[in-house]
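Sequence positions, counted from 1, serve as the residue numbers for this chain.
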Amino acid sequence: MPTCQGKATETSRTDTFAAFVGIDWADKEHAICVLDGDQNTSDQLKHSAEAIDAWATRMHQQFGGRPVAVAIEQSRGGLFHALMQYEHLRLFPINPKQAANYRKALACSGAKSDPADAHMLARFLREHHDQLRPWEGDTAETRRIAALCELRRKIVEARKSEAQRLGSMLKLYFPQAIDLVGPLHGPLALELLGRWPTLKKLQRANPKTLQKFFRQHGQRNDEKIKEQVQQIRAFRHLTKDAAIIEPTALYVGLLIKQIEQFNEAIAEFEKQLDAAFSKHEDAAIFRSLPGAGEALAPRLLAAMGSERERFSEAKEVQAYCGIAPVTRRSGQACRVSMRRACPKFIRQTFHEFADQARRWSAWSKAYYEQLRGQGKRHHAAVRALAFKWIRIIFRMWKTRTPYDENRYQQQLQRRNSPLAKYLPSP
């Protein structure tokens, strides 16, 4: 499911909570610990809408509507989605690594249980809430775009897996089809294999039927079409064993139907995503980015969110999304590594955008090539470019200003940037 994105602002020490709650979530029943002053109350909460609503209402009544801090080891999922709607519950998503390290500090033996974990989370929140970041949701429109983007990507990845499986099956009895039809999730591949799932059936087809078929799928060169039909006639069977061909072809038919369903779902997601993105007030900002296009512009909007107070500096975005590296120093040793603890889909969004931007932006291309010339590998150079782009996007997002390539290049030349000599003259 999509990540529940919200702004993260540090809680001041003057904030007061009526109680601190730790929830160790599970599939069917959650362990809960409520710390109210010196009182420690443990309970079990069933994972149902009715039980969660009754518990939240009880917290509201028990503490007179005052805010209650809730620590939970997730920032998405059914329980988190259910608790989002209650204003008196202030949610604090806790990184599992933070919780694990705190647990080790309290229980050196490694002892673990659900009630103990719930108590540990509540205690961790009570003692360190001033250093933790509470969650606050974006607008419904932004969260809808974020959900559509992430779920669309999941469907695309699922389709990719099925297409790879289809390729593996074809290699068992009909390998020529892989080169003949192009992308295995494309309409040419799906229709051809649906009508002629084996080489024997394809070779029996009337040449005029095959020529008409290829014309219907966008091929206009008659000579090339005739050559293609002749090539099909000349194909040699990898195997003629019916015990292999018939069951495998049956399975290929199932895979084709599944890929067709994925294609239909992707088209519907893209239709709804385009409609939702077009209506969003920040759409023009992210559409102005070079290379963002229809796919990446909504993802960048979802990554930044709609709460302008969520981030106060660009470096917070760089660290949050995982583009900024992690530096570890100890004595004379210093190690810089890629940041792993981050929302992977958001990191992937900025990475993919930077890779596209270098094809459309002159200064991005110059910076990328400069890094490659210094010996940086492709992905390291793209991450460094994404690091720069986040600063630009952050400023655009804060000021609600679309990107202007010419303006940015003029700023580089005004500052005598090393990149300026690689840019075209104004």
Exercise for the section: Say whether, by atom type as modelled, one donor and one acceptor occur between the side chain of Glu281 and the main chain of Ser306 under 3.5 angstrom. Expected result: no
Exercise for the section: Verify the neighbour count for atom CD of Gln85: are there more than 12 heavy atoms of other residues, nucleotides or ligands below 6.0 Å? Expected result: yes
Handout entry: Tyr403 side chain to Arg395 side chain, donor-acceptor N/O pair below 3.5 angstrom
Key = no
Exercise for the section: Using only heavy-atom distances, determine whether the side chains of Gln272 and Arg144 contain a donor-acceptor pair under 3.5 Å. Expected result: yes
Exercise for the section: Report the C-alpha distance between Trp389 and Phe353 in whole Å, list the side-chain angles of each, state the deciding distance to 0.1 Å, and finish with yes or no for ring pair (Phe, Tyr, Trp, His ring centres under 6.0 Å). Expected result: CA-CA 9 Å; Trp389 265 111; Phe353 165 68; 5.2 Å; yes
Practice task
May I ask you to decide if the ring planes of His217 and Phe213 are parallel, tilted or perpendicular, using 30° and 60° as cut-offs?
Solution key: tilted
Exercise for the section: Could you verify whether a donor N or O on one side chain and an acceptor N or O on the other, from Glu127 and Tyr102, lie under 3.5 Å apart? Expected result: yes
Practice task
Indicate the atoms forming the closest heavy-atom contact of Asn263 with His185, along with that distance.
Solution key: ND2-O, 3.0 Å
Practice task
Using a strict cut-off of less than 4.0 Å between a Lys/Arg side-chain nitrogen and an Asp/Glu carboxylate oxygen, indicate whether Glu352 and Arg153 qualify as a salt bridge.
Solution key: yes
Practice task
Could I get the full list of salt bridge (charged side-chain N to carboxylate O under 4.0 Å, His left out) partners for Glu369, not counting sequence neighbours?
Solution key: none
Practice task
Answer yes or no: are there more than 12 heavy-atom neighbours, outside His379 itself, under 6.0 Å from its atom NE2?
Solution key: no
Exercise for the section: Check for a donor-acceptor pair, side chain of Gln164 on one end and backbone N or O of Ser161 on the other, with a separation under 3.5 Å. Expected result: no
Handout entry: Sidechain N-carboxylate O distance under 4.0 Å for Asp138, Arg310
Key = no
Problem - CG on Leu79 to CD1 on Ile72, rounded to 0.5 Å - result: 4.0 Å
Practice task
Say whether His30 and Gln44, considering side chains only, have a donor N or O and an acceptor N or O under 3.5 Å apart.
Solution key: no
Handout entry: Salt bridge flag under 4.0 Å for residues Arg287 and Glu294
Key = no
Problem - Lys398 NZ: over 12 foreign heavy atoms closer than 6.0 Å - result: yes
Exercise for the section: Report the distance from atom CG of Leu148 to atom CG of Asp274, rounding to the nearest 0.5 Å. Expected result: 11.0 Å
Problem - For Ile23 against Leu121, the heavy-atom pair lying closest together - result: O-CD1, 3.4 Å
Completion exercise
Closest non-hydrogen atoms of Arg126 and His129, given as atom of the first, atom of the second and distance, are O-ND1, 3.2 Å
Exercise for the section: Assess the side chains of Arg358 and Ser364: does a donor N or O sit below 3.5 Å from an acceptor N or O? Expected result: no
Problem - Within 6.0 angstrom of Glu87 CD, more than 12 heavy atoms from elsewhere - result: no
Handout entry: Phe311 and Phe394: CA distance, side-chain angles, deciding distance, ring pair (Phe, Tyr, Trp, His ring centres under 6.0 Å) verdict
Key = CA-CA 9 Å; Phe311 301 111; Phe394 175 80; 7.3 Å; no
Exercise for the section: Before giving the answer on side chain to side chain contact (heavy atoms under 4.5 Å, CB included), spell out for Thr401 and Ile285 the whole-Å C-alpha distance, their side-chain angles and the decisive distance to 0.1 Å. Expected result: CA-CA 6 Å; Thr401 306; Ile285 298 173; over 6 Å; no
Problem - Greater than 12 external heavy atoms within 6.0 Å of Trp25's CH2 - result: no
Practice task
Answer with yes or no whether the side chains of His378 and Tyr368 bring together a donor and an acceptor at under 3.5 Å.
Solution key: yes
Handout entry: Candidate pair Ile266 and Val156, rule side chain to side chain contact (heavy atoms under 4.5 Å, CB included), full reasoning
Key = CA-CA 7 Å; Ile266 291 169; Val156 169; 3.8 Å; yes
Exercise for the section: Can you sort out the partners of Phe262 under ring-ring contact (aromatic ring centres under 6.0 Å, His included), two or more places apart, ordered by chain and number? Expected result: none
Exercise for the section: Could you tell me the separation between the CZ atom of Phe345 and the CD atom of Glu150, rounded to the nearest 0.5 Å? Expected result: 5.5 Å
Problem - Stepwise side chain to side chain contact (heavy atoms under 4.5 Å, CB included) check, Met120 with Arg103 - result: CA-CA 7 Å; Met120 178 270 298; Arg103 184 188 301 114; 3.8 Å; yes
Problem - Backbone of Val336 reached by a side-chain donor or acceptor of Arg328 within 3.5 Å - result: no
Exercise for the section: Tell me, yes or no, whether the heavy-atom count around Lys344 atom NZ, taken from other residues, nucleotides or ligands under 6.0 Å, exceeds 12. Expected result: yes
Practice task
Could you verify whether a donor N or O on one side chain and an acceptor N or O on the other, from Thr327 and Arg335, lie under 3.5 Å apart?
Solution key: no
Practice task
May I ask you to decide whether Arg383 forms a salt bridge with Asp355, counting only side-chain N to carboxylate O separations under 4.0 Å?
Solution key: no
Practice task
Taking the side chain as every heavy atom from C-beta outward, state whether Gln258 and Leu255 have any atom pair closer than 4.5 Å.
Solution key: yes
Exercise for the section: Identify the two heavy atoms, one from Arg339 and one from Arg347, that lie closest to each other, and give their separation to 0.1 Å. Expected result: O-NH1, 2.8 Å
Handout entry: Step-by-step side chain to side chain contact (heavy atoms under 4.5 Å, CB included) determination, Ser42 to His119
Key = CA-CA 8 Å; Ser42 296; His119 178 265; 5.8 Å; no
Handout entry: Donor-acceptor under 3.5 Å (Asn101 side chain, Lys97 main chain)
Key = yes
Exercise for the section: Run the ring-centre check on Phe92 versus Trp135 and record whether the distance is less than 6.0 Å. Expected result: no
Completion exercise
Separation between SG (Cys321) and CD (Gln348), nearest 0.5 Å, reads 12.5 Å
Problem - Considering all heavy atoms, the nearest Arg195-Thr209 contact - result: NH2-CG2, 3.7 Å
Practice task
State, to 0.1 Å, how close Pro115 and Ala31 come at their nearest heavy-atom pair, and which atoms those are.
Solution key: N-CB, 4.0 Å
Exercise for the section: Indicate yes or no: does Glu157 engage Lys154 in a salt bridge with an N to O separation below 4.0 Å. Expected result: no
Practice task
Establish, from distance only, whether the side-chain atoms of Ser312 and Glu316 form a donor-acceptor pair under 3.5 Å.
Solution key: yes
Exercise for the section: To the nearest 0.5 Å, tell me how far Cys33 SG sits from Asp24 CG. Expected result: 11.0 Å
Problem - Any donor-acceptor N or O pair under 3.5 Å, side chains Thr142, His280 - result: yes
Exercise for the section: Start with the C-alpha gap between Lys224 and Glu227, add the side-chain angles, then the distance that decides, and say whether salt bridge (Lys or Arg N to Asp or Glu O under 4.0 Å) holds. Expected result: CA-CA 5 Å; Lys224 187 175 181 181; Glu227 289 178 6; over 6 Å; no
Handout entry: Presence of salt bridge, Arg152 and Glu270, under 4.0 angstrom
Key = yes
Problem - Residue pair Tyr173 / Asp241, side-chain donor-acceptor N/O under 3.5 Å - result: no
Problem - Inter-residue atom distance Ile245.CD1 - Leu199.CG, 0.5 Å rounding - result: 8.5 Å
